[in-house]
Structure formats: C-alpha cells, structure tokens
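Working notes, beginning with the structure itself.
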Amino acid sequence: QFIAKTKNALTIMGSVTEETSASVTITGLSGERTKIAKNDLVSLVSTGRSLMPEGLESVISIKQMPDLLAYLQVAGEKRKVFENNHPALIEASEKGTVRLPARSAEIYGPSLVFEQKYKNLGFWRSQGDRAEWTFEIEDAGAYDVWIDWALPDKGKQDRLNLTVSTYLLSAPVPGTGSWDKYEWGRMGKIKLKKGVHRLIVRIDDKLNSGFLMDLREVRLLPEETEAPANGSKWKGSKTVDLSSSR
C-alpha cells in the first residue's frame, strides 16, 4: 500500500500497478486506476502494510495464488463484451507455443474495441485502453515474444508496452502501410516459470496522433522455434526484467 501526494494537493492511496519513466499508476481499493505524471508527484511513500487481509497467506495454496493475482489486476473494473470475443485461459500447444489471439483477450478502456473483419483489437487511442490474456505453460523456459499488427505509415511512432510475469517490453510501433496489411514483429525475449501467467498490452504513455495500432495476436515462441512468416525483429524494442532491476 502506497500513499501518493501531488502538487495540486491530492492524496491517493493504493497499490502501484504500473510505472514508466514518465508516470506512475495507483490502483485504489475500489479498483479505480489513477495515472500520475512523475513531475506532478510531491511524494510516493509505502505505508509498510499490505492491502491483503492479515493471515490470508495461511489459508490459500500456492496453486490458488496465480488466480488471486489475476483477479486483483482487474478487480473493480468490468471488461467489455463483444461478439466473437471470448476470454479464456489459454494453454500452450504440444510444441510449447502460446498463441494469444485478440478474440481471447479481456478488453478494457474507453475506446478499445474488438473488430470483426480481421478479429483484431482496434481504436486503440486512450491511456486507459488495454488488453489482457491469461495463459498456462507446463514447462519453464525462455520465449520470444511476437506481435501481429497493422498500422498505416506515419511519421512519429507511438510506443507499446507489454508486461508479463516480471518483464516489461517496450517498442515504437512502425507503420505497415495499411490497416489491411499485418506484419509480425519480435519485441524481445523473456523467461517464464511453469504455471499461470497474465500478459497485458497497453500504450506506453500518451499518443502523439491517431491510433496506436490494430493488434491481431500476441505469440510466445519457445527458444529456437521458427519465426512467423515475414517476421522481423522490432527496431527500438527493449526488454527489462523488473525482478533484477530493483
């Protein structure tokens, strides 16, 4: 539990659910998320107390903990509902590949929608827009993270953030030439433990213009697995392991 105080005399209490170089997001007990620019912060102090009820760790099993953590990430906020969009727990294939199509994502935010033509996530333009997937892997290992997206060419590129486990991946989104032309791009490499994980995609900060992109699928490929057709490494992408950077 943290207490944030701002220059305009606001006091906000909750957990720190996201942090970038420019802002920090606080989620309160009601589930409401407040994004604060770091240059507006006067202080951000931990109370030294957990938001969880005391003694909870003694009555919940390790197997149940991922479900609890997944719930806490979206508690208090209702996901959007669209035709042909059916969020579900995704299991890896026999070869270990994890495919996370837009139709299986939980969709949140004021403008993000599930579009029917290409079964993609579109109208991505608000800081509150995000997509979340829950998936399970049977074996720990390293994965390459790929994204299938479309975006007309534009000058100044906006950045995309992807978080999963302790990793934060960030990359500028280049144009593909058309909303009808999709390309695969590799954002980075991560290492995951066996079990249930949650992957979240959102805008890094604010948009410079227009829309972020149309997203059709996120794919996690085990090391040494052949890349998707026409796939290439994303220029300007970076991967940070938050567990080792603290």
Side-chain angles (χ1 to χ4, degrees), residues 15-20 25 27 31 50-53 55-75 77 79 85-108 121 130-149 160-171 184-202 215-229 231 233-234 237-246:
S15 60
V16 177
T17 51
E18 185 181 10
E19 185 173 0
T20 69
T25 300
T27 301
S50 170
L51 292 171
M52 301 304 297
L56 179 66
E57 71 280 359
S58 65
V59 296
I60 188 170
S61 68
I62 293 177
K63 186 177 180 180
Q64 293 171 320
M65 190 62 72
D67 293 332
L68 172 62
L69 295 177
Y71 166 75
L72 290 175
Q73 288 182 303
V74 297
E77 185 174 1
R79 71 172 179 85
N85 171 235
H86 304 291
L89 175 65
I90 305 295
E91 296 182 352
S93 69
E94 292 183 0
K95 296 183 178 179
T97 297
V98 180
R99 300 186 62 172
L100 305 175
R103 65 176 180 272
S104 299
E106 295 178 20
I107 303 171
Y108 300 92
L121 299 170
R130 70 185 193 279
E132 306 191 7
W133 291 263
T134 305
F135 64 94
E136 184 174 13
I137 56 174
E138 292 296 327
D139 299 299
Y143 293 83
D144 286 320
V145 179
W146 291 79
I147 286 184
D148 184 29
W149 87 98
L160 164 72
N161 268 3
L162 184 152
T163 56
V164 56
S165 184
T166 62
Y167 290 90
L168 167 63
L169 286 70
S170 177
W184 282 99
R186 176 185 176 274
M187 289 191 69
K189 181 172 291 186
I190 60 175
K191 293 182 179 180
L192 297 178
K193 297 180 180 179
K194 173 183 177 180
V196 177
H197 299 273
R198 196 165 182 87
L199 185 147
I200 304 173
V201 175
R202 65 198 321 155
L215 176 65
R216 191 160 56 178
E217 183 179 333
V218 179
R219 191 175 297 182
L220 276 59
L221 298 179
E223 273 189 313
E224 300 180 0
T225 301
E226 185 178 353
K233 186 175 181 179
W234 219 326
S237 64
K238 61 180 180 179
T239 303
V240 178
D241 183 354
L242 300 179
S243 66
S244 61
S245 63
R246 294 187 183 277

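A 4.5 Å side-chain heavy-atom check between V164 and W133 finds every atom pair outside the cut-off. At least one side-chain heavy atom of I107 sits less than 4.5 Å from a side-chain heavy atom of L121. Looking at P222 and D139, their side chains never come closer than 4.5 Å, going by heavy atoms from C-beta outward. Using a 4.5 Å cut-off on side-chain heavy atoms (C-beta onward), L220 and W146 make no contact. Taking the side chain as every heavy atom from C-beta outward, E138 and K194 approach each other to under 4.5 Å. Residues L215 and L160 have side chains not in contact (no heavy-atom distance under 4.5 Å, counting atoms from C-beta outward). A heavy-atom distance below 4.5 Å is not found between the side chains of N161 and L169. The side-chain heavy atoms of R219 and V98, taken from C-beta on, include no pair separated by under 4.5 Å.
To the nearest 0.5 Å, atom CE of residue M187 and atom OG of residue S170 are 6.5 Å apart. To the nearest 0.5 angstrom, E217 atom CD is 7.5 Å from L100 atom CG. Expressed to the nearest 0.5 Å, how far CD of E106 lies from CD1 of I200 amounts to 9.5 Å.
Between R186 and D144, at least one side-chain nitrogen of the basic residue sits less than 4.0 Å from a carboxylate oxygen of the acidic one, meeting the salt-bridge criterion.
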Evaluation steps, side-chain contact (heavy atoms from CB on, under 4.5 Å), between E132 and L199 | CA-CA 6 Å; E132 306 191 7; L199 185 147; over 6 Å; no
Would you check, one step at a time, whether the test side-chain contact (heavy atoms from CB on, under 4.5 Å) holds for V218 with V145?
-> CA-CA 7 Å; V218 179; V145 179; 4.3 Å; yes
Between Y143 and L221, does a side-chain contact (heavy atoms from CB on, under 4.5 Å) hold up when you go through it step by step?
-> CA-CA 5 Å; Y143 293 83; L221 298 179; 5.9 Å; no
CA sep, side-chain torsions, deciding dist, call: T134, H197, side-chain contact (heavy atoms from CB on, under 4.5 Å) | CA-CA 6 Å; T134 305; H197 299 273; over 6 Å; no
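With a 6.0 Å cutoff to the six-membered ring centre and a 45° limit on the axis angle, R130 counts as a cation-pi contact of Y108.
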Going by atom type alone, with no hydrogens or angles, which donor-acceptor pairs under 3.5 Å involve a side-chain atom of residues 89-96 and a protein atom two or more places apart or on another chain?
from	atom 1	to	atom 2	distance (Å)
S93	OG	K95	N	3.4
S93	OG	T97	N	3.2
S93	OG	T97	O	3.4

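Checked against side chain to side chain contact (heavy atoms under 4.5 Å, CB included), P101 has the following partners two or more places apart in sequence or in another chain: R103, S104. The salt bridge (charged side-chain N to carboxylate O under 4.0 Å, His left out) search around E18 returns R202, not counting sequence neighbours. Partners of W149 by ring-ring contact (aromatic ring centres under 6.0 Å, His included), not counting sequence neighbours, listed by chain and number: W234. Remark: E223 engages A142, K189 in a side chain to side chain contact (heavy atoms under 4.5 Å, CB included) (not counting sequence neighbours). In this structure, the salt bridge (charged side-chain N to carboxylate O under 4.0 Å, His left out) partners of R216, at least two apart in sequence or on a different chain, are D148.
The shortest heavy-atom contact between K193 and I137 is O-CD1, 3.2 Å.
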